[in-house]
Chemist: 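Before we start, here is the structure in question, set down as structure tokens.
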Amino acid sequence: MQIEKVYEPQRFEPHWAQWWIDSNIFGAPADAPGRVFSLVIPPPNVTGVLHIGHMLEHTEIDVTIRWHRMLGDNTLWLPGTDHAGIATQMVVARQLAEEGINYRDLGREKFEERVWQWKERSGDTIKRQMIRLGASCDWTRERFTLDPGLSRAVREVFVTLFEKGLIYRGEYMINWCPDCMTALSDLEVAHEEVPGHLWHVRYPVNGLPDTYVTVATTRPETMLGDTAVAINPKDTRYTHLHGRTVQLPLMDREIPVILDEVADPEFGTGVVKVTPAHDANDFEAGKRHNLPKIQVIDEHGNMTAAAGAFAGLDRFEARRRVVARLQETGALVKIEDYKLNLGKCQRSKTPVEPLISTQWFVKTKPLAEKAIEVVENGRIQFVPPNWVKTYNEWMYNIRDWCISRQLWWGHRIPAWYCGNCKQITVAREAPAACPKCGSTDLKQDPDVLDTWFSSGLWPFSTLGWPEKTADLAKFYPTSLLITGFDILFFWVARMVMFGLEFMGDVPFRQVYIHGLVRDAERQKMSKTRGNVIDPLVVTEKYGTDAVRMALLQGAAPGTDIVLTEERMESARAFANKIWNAARFLFMNVGQASGVPLQTEDRWIFSRLNAVAADANRAIEQYRYHEYAQLVWHFFWHEFCDWYIELKKVRAGGWEHAVAAFETALRLLHPAMPFLTEELWQRLRQNSTKSIALAAYPQFRPDLAEPEAEKEFAIVQEIVTLARTLRTENKLDPKQQLNGTVYGHTAALEIARCHADAIQKIARVNLTFQQGAAPKAAAIRSTPEFDLVLDVPVTAGDPARRQKEIDQVKKNIASHERQLSDETFLSKAPAKVIEGMRAKLTEYKAQLRKLEESQ
RNA sequence: GGGCGGUUAGCUCAGCGGUUAGAGCAUCCCGCUUACACCGGGAAGGUCCAGUGUUCAAAUCACUGACCGCCCACCA
């Protein structure tokens with residue numbers, strides 16, 4: 001059988017990627033019997049191409065998915081993409097801006113057309129990338145959040161929640177991004193600590209000459225909208241102000257002193273200005289005291305007419321001017337440096353402006369209660385489990401969710417306004433006439449929904465809900481969700497709430513939270529840092545399998561993943577190693593078959609069996625790094641370094657080697673699907689179509705061969721010690737040496753059995769002697785035997801020998817100390833004591849040998 | 001202000017109560033041994049952040065502290 005010398009993944013990876021799809025290897029029939037495993041993809045945003053973080057996520061998902069498929073489960077990985085409202089709208093708007101077009105001038109319809117064009121391209125790219133990365137999804141079930149079916153689900157959910165009173169519309173203080181020109185949810189505001197100032201401003205008290213109250217503020221420009229100052233009712237310092245009013249500087253407006261808990265006596269002067277229109281706390285205080293709300297900043301972030309002399313100014317310019325004016329008038333008492341937590345728009349990084357606005361909200365408390373319960377009672381499990389705390393923290397302190405966005409790209413809110421009677425009608429489809437007055441002058445709400453509203457329905461909307469589909473019956477609840485912690489609240493939490501509310505069941509049974517991909521310096525990857533690893537580039541350079549393997553090697557639960565060129569290089573070397581092992585096997589297969597199993601054959605099958613047990617457990621527990629290391633170590637350091645090397649010096653029996661190799665390929669397949677498919681297809685000793693559908697190796701007690709493992713360990717030990725002695729004594733690696741093994745009958749018997757193999761591998765001709773070894777220069781000892789090489793007496797290394805003796809002495813001392821300790825003997829388990837005694841005996845024997853041979 | 005994670009070999013990380021603490025990469029030495037130089041063989045390298053405690057036994061558990069990340073939070 002011919003196979004090319006060099007591993008060139010680019011030659012076959014795209015081929016198998018396409019073949020898997022053409023052969024419908026990954027389709028999950030809704031009517032098949034048997035155990036089901038289902039997972040919906042965290043839909044990537046159609047904002048562009050996939051980055052390395054996606055590749056990590058998809059690799060982890062793919063390993064688990066392929067494993068389940070090979071276990072024989074009816075396995076579904078449902079792929080798709082998210083319209084990502086605000087993010088995508090910004091991308092396209094920016095693109096238009098580069099063409100010199102303001103997207104608003106284009107008009108809503110034309111703009112939406114442009115976004116759809118963008119979506120088609122981005123969606124295609126994402127799909128192509130995923131296919132190239134070997135993601136074993138069922139593409140016949142691909143979904144997009146704006147698909148008609150999913151849009152219907154959105155309307156159904158909206159209307160139902162509205163009818164239940166869980167969605168309401170009202171005027172509240174919301175986070176407003178003056179740059180994106182839309183309302184945001186609390187989650188879309190990123191708080192950042194920035195240096196700022198605390199300006200102390202004094203307000204004259206009416207009716208008390210030369211009396212002032214000093215307030216401290218970080219936003220002096222908002223004072224133009226002050227409608228009160230507040231003091232704490234318990235604050236005895238200010239009882240003389242009760243019932244009074246103060247004069248608002250710059251505006252010359254008389255505002256009341258109110259008694260309210262917003263004022264913290266401990267902070268600043270204990271007096272706080274109240275701006276109900278531009279601060280969430282003040283908004284609440286204003287409601288309590290029936291204060292007027294004066295909006296001095298508009299949606300563009302500019303000062304309104306109500307700001308008097310400052311009208312029309314940008315809010316930051318207004319701040320400078322207000323401060324300057326206060327200074328001039330002597331109202332500014334003090335400027336203090338102060339670090340403040342500035343809320344910025346997650347997308348545009350613009351400081352968010354708290355504004356009063358009429359928006360749609362989801363009443364989240366009732367939904368959250370159930371969502372907390374299912375995690376508490378274990379119906380949903382988090383891996384690693386510490387995420388439960390984070391999840392609960394958020395759920396217990398949940399606040400209502402502002403879901404309306406003043407954008408064009410997204411799901412239109414299913415509400416219609418009557419131009420005649422102002423009635424608002426919420427409905428699944430556009431009503432023909434106003435149900436209240438019969439007017440046909442109806443306008444749909446121009447706003448769209450928060451992207452996460454539709455993402456929250458993803459586990460069931462993608463399966464056909466609200467229709468009662470076979471898919472839904474078969475695959476909901478999904479088995480597992482694999483995603484990043486950054487969208488735990490945005491997405492995971494919402495899916496749990498919606499899933500419970502509309503399906504009456506959890507959306508998934510387990511959530512595995514993966515880490516972040518970082519660079520060699522542990523830095524987060526970002527475009528601005530210029531340290532991003534492009535999946536397409538590295539895939540082309542090292543092969544998909546190698547990149548997957550490199551990612552998996554770092555993918556320990558609860559940790560971030562460091563990905564470096566070196567790691568990918570070494571993973572590629574691993575692939576090359578397997579490739580060449582296959583090449584060697586193929587060259588020899590067919591030669592002298594019919595040879596019975598040798599010790600090394602029994603050993604490798606026994607090892608394979610043990611690795612199968614470990615690999616299954618590792619994947620099951622999402623210990624991808626462990627799985628990667630297991631197969632890596634097995635292939636390279638057991639199969640190649642020992643097994644093949646031994647096979648070389650045996651006559652024939654290659655069919656056993658091929659059988660072991662084939663099993664190992666199946667073990668490796670979830671990690672490196674392309675390489676394993678390529679080699680497996682070349683082997684083709686199975687009637688199964690693809691290795692992706694072959695059985696995943698399982699542990700079988702009857703395949704364990706402890707005697708063969710023990711026997712082989714002695715062979716390994718003799719060979720390794722012979723090599724050590726050779727290097728230590730600076731001997732030519734090619735020189736054939738003579739040596740003697742001293743030891744007890746059992747060990748000698750084994751050694752004698754494999755003398756020919758040892759002779760060829762270690763290049764030592766062995767003789768065998770019962771009993772202890774005499775003094776020799778080149779000697780190495782184990783508890784089982786001594787190995788002496790016949791080399792010039794001068795060649796030894798006394799320093800190394802002394803070091804070894806010291807180490808053994810130290811071990812003996814510590815063991816003796818332990819074993820003479822009464823408490824230890826009375827409290828430690830017998831197994832431990834026994835083990836320690838045995839060890840002590842061994843050390844003593846070893847020491848004797850070392851000293852005798854010195 | 002709360003919460004979560006981390007601190008182990010030069011680097012990146014495993015290990016998370018019982019033998020002399022491991023891996024990959026990097027380093028040093030020797031080898032083009034007829035699958036593979038994307039290779040083989042050998043070696044060197046660690047007071048497991050500090051302190052206190054629990055325990056017969058601690059890198060591993062608890063507490064305290066230091067330093068580094070991250071998340072959440074309406075004190076002006």
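Note that this is a predicted model, so its numbers are computed, not measured. A, B, ... follow the sequence lines: proteins, then strands. Residue 1 opens every chain.
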Chemist: Taking B:G46 as the reference, what is the distance to B:G10 when you measure between their C1' atoms (whole Å, please)?
Modeler: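 Result for the C1' pair: 12 Å, nearest Å.
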
Chemist: Ring-plane angle category for A:F661 and A:F586, please: parallel below 30°, perpendicular beyond 60°, tilted otherwise.
Modeler: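 If you compare the ring of A:F661 with that of A:F586, the planes turn out perpendicular.
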
Chemist: Salt bridge or not between A:R11 and A:E8? Use side-chain N to carboxylate O under 4.0 Å.
Modeler: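 A salt bridge is present here (some side-chain N lies under 4.0 Å from a carboxylate O).
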
Chemist: Between A:Y391 (OH) and B:C4 (P), how many Å, whole number?
Modeler: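 After rounding, the gap between these two atoms is 18 Å.
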
Chemist: I want to confirm an ordering. Mapping A:V272 and A:G558 to their closest nucleotides on RNA chain B, which one lands closer to the 5' end?
Modeler: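 Mapping each residue to its closest nucleotide by heavy atoms, the 5'-most match is A:G558.
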
Chemist: Just to be sure I understand the rule, does A:R219 reach a base, reach only the sugar-phosphate, or reach nothing, if contact means heavy atoms closer than 4.0 Å?
Modeler: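 The answer is nothing, as A:R219 stays clear of every strand by at least 4.0 Å.
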
Chemist: Any base atoms under 4.0 Å from A:G515, or only sugar-phosphate, or nothing? Heavy atoms, all strands.
Modeler: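 No contact.
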
Chemist: Tell me whether the side-chain N/O atoms of A:H815 come closer than 4.0 Å to OP1 or OP2 in B:U20.
Modeler: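 Yes, within the criterion.
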
Chemist: Checking all strands, does A:K839 fall into the base, sugar-phosphate, or nothing category for heavy-atom contacts under 4.0 angstrom?
Modeler: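 Base contact.
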
Chemist: If I pick the C1' atom on B:G17 and the same atom on B:C25, what distance separates them, to the nearest angstrom?
Modeler: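 Here B:C25 and B:G17 have their C1' atoms 31 Å from each other.
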
Chemist: Using the C1' atom as the reference point in each nucleotide, state the distance between B:A21 and B:G15 in Å, no decimals.
Modeler: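 B:A21 and B:G15 have their C1' atoms separated by 8 Å.
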
Chemist: Is there, by distance only and without an angle test, a donor paired with an acceptor across the side chain of A:D279 and the base of B:A76 below 3.5 Å?
Modeler: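 No, the side chain and the base share no sub-3.5 Å donor-acceptor pair.
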
Chemist: In whole angstroms, how far is the C1' atom of B:G2 from the OH atom of A:Y396?
Modeler: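 Roughly 17 Å, once rounded to whole Å.
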
Chemist: Between atom NE2 in A:H191 and atom C1' in B:G2, what is the gap in whole Å?
Modeler: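 Roughly 14 Å, once rounded to whole Å.
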
Chemist: What is the nucleic acid contact for A:P829, judged by heavy atoms within less than 4.0 Å: base, sugar-phosphate only, or nothing?
Modeler: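 It contacts base atoms.
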
Chemist: Working to the nearest 0.5 Å, report the span between CD1 of A:I356 and NZ of A:K293.
Modeler: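 Result: 5.5 Å between the selected atoms.
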
Chemist: Could A:K389 and A:E393 be called an ion pair, given the rule that one side-chain N must be under 4.0 Å from one carboxylate O?
Modeler: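 Salt bridge between A:K389 and A:E393, a charged N being under 4.0 Å from a carboxylate O: no.
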
Chemist: Please encode protein proximity along nucleotides 32-42 of chain B as a string of B, S and -, counting only heavy-atom distances under 4.0 Å.
Modeler: SS-BB-BSSSS

Chemist: Report the distance from atom CG of A:N392 to atom P of B:C4, rounded to the nearest whole Å.
Modeler: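 Whole-Å distance recorded here is 12 Å.
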
Chemist: Round to a whole Å and report the spacing from CG of A:L552 to C1' of B:C13.
Modeler: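 Distance, rounded to whole Å: 15 Å.
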
Chemist: Ion pair present between A:R572 and A:E569, side-chain N to carboxylate O less than 4.0 angstrom?
Modeler: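 No.
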
Chemist: Tell me if the aromatic rings of A:Y512 and A:W387 count as close, with their centers under 6.0 Å from one another.
Modeler: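 Judged by ring-centre distance (under 6.0 Å), A:Y512 and A:W387 do not meet the cut-off.
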
Chemist: If you measure only the distance, is there a donor-acceptor pair under 3.5 Å linking the side chains of A:H197 and A:E336?
Modeler: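 No pair is found: no donor N or O on one side chain lies under 3.5 Å from an acceptor on the other.
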
Chemist: Closest approach to the side chain of A:R399, judged atom by atom: which nucleotide of B:C4, B:A76, B:C74 is it?
Modeler: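 So the side chain of A:R399 is nearest to B:C74.
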
Chemist: Could you measure between the two C1' atoms, the one in B:A62 and the one in B:G1, and give it in whole Å?
Modeler: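 Approximately 25 Å lies between the C1' atom of B:A62 and that of B:G1.
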
Chemist: NA contact type, A:V262, heavy-atom cut-off 4.0 Å: base, sugar-phosphate, or nothing?
Modeler: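 Base, at least one base heavy atom under 4.0 Å.
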
Chemist: Salt-bridged, A:E816 to A:R837, with N to O below 4.0 Å?
Modeler: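 No, no charged N to carboxylate O under 4.0 Å.
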
Chemist: Round to a whole Å and report the spacing from CZ of A:R319 to P of B:A76.
Modeler: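 After rounding, the reported distance stands at 13 Å.
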
Chemist: Among A:V229, A:V262, A:V215, A:I231, which one satisfies side-chain contact (heavy atoms from CB on, under 4.5 Å) with A:V272?
Modeler: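 One option only clears the test, and that one is A:V262.
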
Chemist: Could you give the distance separating B:C48 and B:G5 at their P atoms, to the nearest angstrom?
Modeler: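 These two P atoms come out 23 Å apart once rounded.
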
Chemist: Would you measure the distance from the P atom in B:U47 across to the matching atom in B:U8 and give it in whole Å?
Modeler: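 To the nearest whole Å, 12 Å.
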
Chemist: Quick one: side-chain contact (heavy atoms from CB on, under 4.5 Å) partners of A:D235, sequence neighbours excluded?
Modeler: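 Here the qualifying residues are A:N232, A:R237, A:Y238, A:P265.
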
Chemist: If only side-chain N and O atoms count, and only distance matters, is there a donor-acceptor pair under 3.5 Å linking A:D226 with A:Y203?
Modeler: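 Yes, because at least one side-chain N or O of A:Y203 sits under 3.5 Å from a partner of the opposite role on A:D226.
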
Chemist: Could you say whether A:V189 or A:E626 is positioned toward the 5' end of RNA chain B, judged by the nucleotide with the nearest heavy atom to each?
Modeler: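 Nearer the 5' end of the strand: A:E626.
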
Chemist: List RNA chain B stems (3 or more consecutive Watson-Crick/G-U pairs, under 3.5 Å)?
Modeler: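 Result, WC/G-U stems under 3.5 Å: B:1-7 with B:66-72, B:10-13 with B:22-25, B:27-31 with B:39-43, B:49-53 with B:61-65.
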
Chemist: Return the nearest nucleotide to the side chain of A:H625; candidates are B:G15, B:A76, B:C56.
Modeler: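 The answer is B:G15, which lies nearest to the side chain.
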
Chemist: Which part of the nucleic acid, if any, lies within contact of A:F661, taking any heavy atom under 4.0 Å across all strands shown: a base, the sugar-phosphate backbone alone, or nothing?
Modeler: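 No contact at all - A:F661 keeps every heavy atom at 4.0 Å or more from the nucleic acid.
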
Chemist: Select one nucleotide: of B:A23, B:U20, B:U12, the one nearest the side-chain heavy atoms of A:S814.
Modeler: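 Nearest to the side chain of A:S814 among the choices is B:U20.
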
Chemist: Remember a base hit wins even if backbone is also touched, and classify A:D264 as base, sugar-phosphate or nothing at under 4.0 Å, heavy atoms.
Modeler: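 Base, at least one base heavy atom under 4.0 Å.
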
Chemist: Does a side-chain N-to-carboxylate-O contact under 4.0 Å join A:E834 and A:K831?
Modeler: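 The answer is no: the pair does not qualify as a salt bridge.
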
Chemist: Find the distance A:Q621:CD to B:C16:P and express it as a whole number of Å.
Modeler: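 Taking CD of A:Q621 and P of B:C16, I get 11 Å after rounding.
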
Chemist: Between atom CH2 in A:W387 and atom C1' in B:G3, what is the gap in whole Å?
Modeler: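 Computing the A:W387:CH2 to B:G3:C1' distance gives 11 Å.
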
Chemist: Please report the distance separating the P of B:A73 from the corresponding atom of B:C13, rounded so that it comes out in whole Å.
Modeler: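 B:A73 and B:C13 have their P atoms separated by 28 Å.
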
Chemist: Across the strands shown, which category fits A:A575 at heavy-atom distances under 4.0 angstrom: base, sugar-phosphate, nothing?
Modeler: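 Since no nucleic acid heavy atom lies under 4.0 Å of A:A575, the category is nothing.
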
Chemist: Taking 4.0 Å as the cut-off, does a side-chain nitrogen or oxygen of A:R623 come that near to OP1 or OP2 on B:G15?
Modeler: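 Yes.
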
Chemist: Quick check for you: among B:C56, B:A73, B:A76, whose closest atom lies nearest to any side-chain atom of A:F267?
Modeler: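 Nearest to the side chain of A:F267 among the choices is B:A76.
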
Chemist: Could you give the distance separating B:G22 and B:C74 at their P atoms, to the nearest angstrom?
Modeler: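 Each nucleotide's P atom is 49 Å from the other's.
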
